[in-house]
Amino acid sequence: MSSHIASAANGMAVEPIRVVYHFDEAASAAKGLRNIRNHLNADPTTHIVVVANGGGIDFMLVDQLDPSGEPYELAILDLQQRGVKFVACNNTLLGRGIAPERLVQDVSIVQAGVEEVGRLQFRLGYAYIKP
Amino acid sequence: MSSHIASAANGMAVEPIRVVYHFDEAASAAKGLRNIRNHLNADPTTHIVVVANGGGIDFMLVDQLDPSGEPYELAILDLQQRGVKFVACNNTLLGRGIAPERLVQDVSIVQAGVEEVGRLQFRLGYAYIKP
Amino acid sequence: MSSHIASAANGMAVEPIRVVYHFDEAASAAKGLRNIRNHLNADPTTHIVVVANGGGIDFMLVDQLDPSGEPYELAILDLQQRGVKFVACNNTLLGRGIAPERLVQDVSIVQAGVEEVGRLQFRLGYAYIKP
């Protein structure tokens, strides 16, 4: 991470923080989305990618409701407006027989969610948060 | 992480390892504190910061007991003596109506716990552990 | 992570991605192993280390069965053939009175699993995934 520190010390523009949120169970989705809203409120420049696999993708499907009865889709669209990217695991879609058309708009798909989580950290220096 | 490796190879003092522990549920607090004691026993030079949000802050409140009936405060004070920093999420305090005075001494407060977890990793190279 | 990006940009061989999987509860072992198979199918060059502590080591003991009734040992041996390393926490072995001989072959032992998880990230740049 030395390059980030160096650029700040040199007075150059500070690179925005990058964070990957790993969602892998349905029960943690509402908590994770609340975490992300708080995260962006504290630092609106943060680049956030949500990678979901297993039960973690449920909230990305249209017509799903959060524990308060609100559509998750509204929360996703709102966070997309704030720059958050949402990524679903294709192994999960295939394994659970979920048609990609059921995903909320602009949710992208990768072959394996965990591989994307590793790649974002290792190649692009993303921090990791598991809600 | 190349700078850390390089400094070791050059024979300079090796930088102590930095780790952020992310506590976000009450049920994992006793496990997490045991993890940290084992961590410091294996490498006493490790710099550890515990960032708690959601149910993860419960153990940081005075008068809370662990599953064995021991006050969590004693465990916190002991670990603070060994250099561990404890940080609570202000969004959690506000959202749950918890007065900051209820926190054990020397627990610091940040606006958003998750933002601090991302910042410590991305800006300062901390490793991440979720108990 | 700047060194990895630079080497790719210079046309040098791209360094394989390194990821540590942290297993700390018995209930997540089958999910974690499935994650790792998907991970390697998406990128067979990935260097993966599984570090287990607490209940996370149960699947590493001989004669343990997964929820489908298959021996975990077969899954471990298969993944070892694909380059995955398995590491158990000695504090857990001692605390739970488990003889090291009960571990599946070629599972190595470290003093504290969490210390190894921190070390792999901080010193060697491993990404982190908690199944």
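All values below were derived from every heavy atom in this structure, side-chain atoms included, with hydrogens, water molecules and symmetry-related copies excluded. Please read these numbers as outputs of a predicted model, since none were measured by experiment. Below, chain A is the first sequence line, B the second, and so on; all start at residue 1.
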Original post:
Hey, are the side chains of B:E115 and A:N38 touching, using non-hydrogen atoms and a 4.5 Å cut-off?
Top reply: no

Subject >> Minimum heavy-atom distance between B:Q111 and A:A42, given as atom pair plus value >> reply: NE2-CA, 3.5 Å

Original post:
Closest heavy-atom contact between A:K130 and B:K130?
Top reply: O-NZ, 2.6 Å

Original post:
Considering all heavy atoms of both residues, which atom of B:G118 and which atom of A:V19 are nearest to each other, and what is their separation?
Top reply: CA-CG2, 4.2 Å

Original post:
B:Q121 versus A:Y126: any side-chain heavy-atom pair under 4.5 Å?
Top reply: no

Original post:
Within residues 28-37 of chain A, which positions have a heavy-atom distance to chain B below 4.5 Å?
Top reply: A:K31, A:N35

**OP:** Give the minimum heavy-atom separation between A:I129 and B:V114, together with the two atoms involved.
**Re:** CD1-O, 3.4 Å

**OP:** Determine which residues belonging to residues 72-97 of chain A lie within contact range of chain B, meaning some heavy atom pair is under 4.5 Å apart, and list them by number or answer 'none'.
**Re:** none

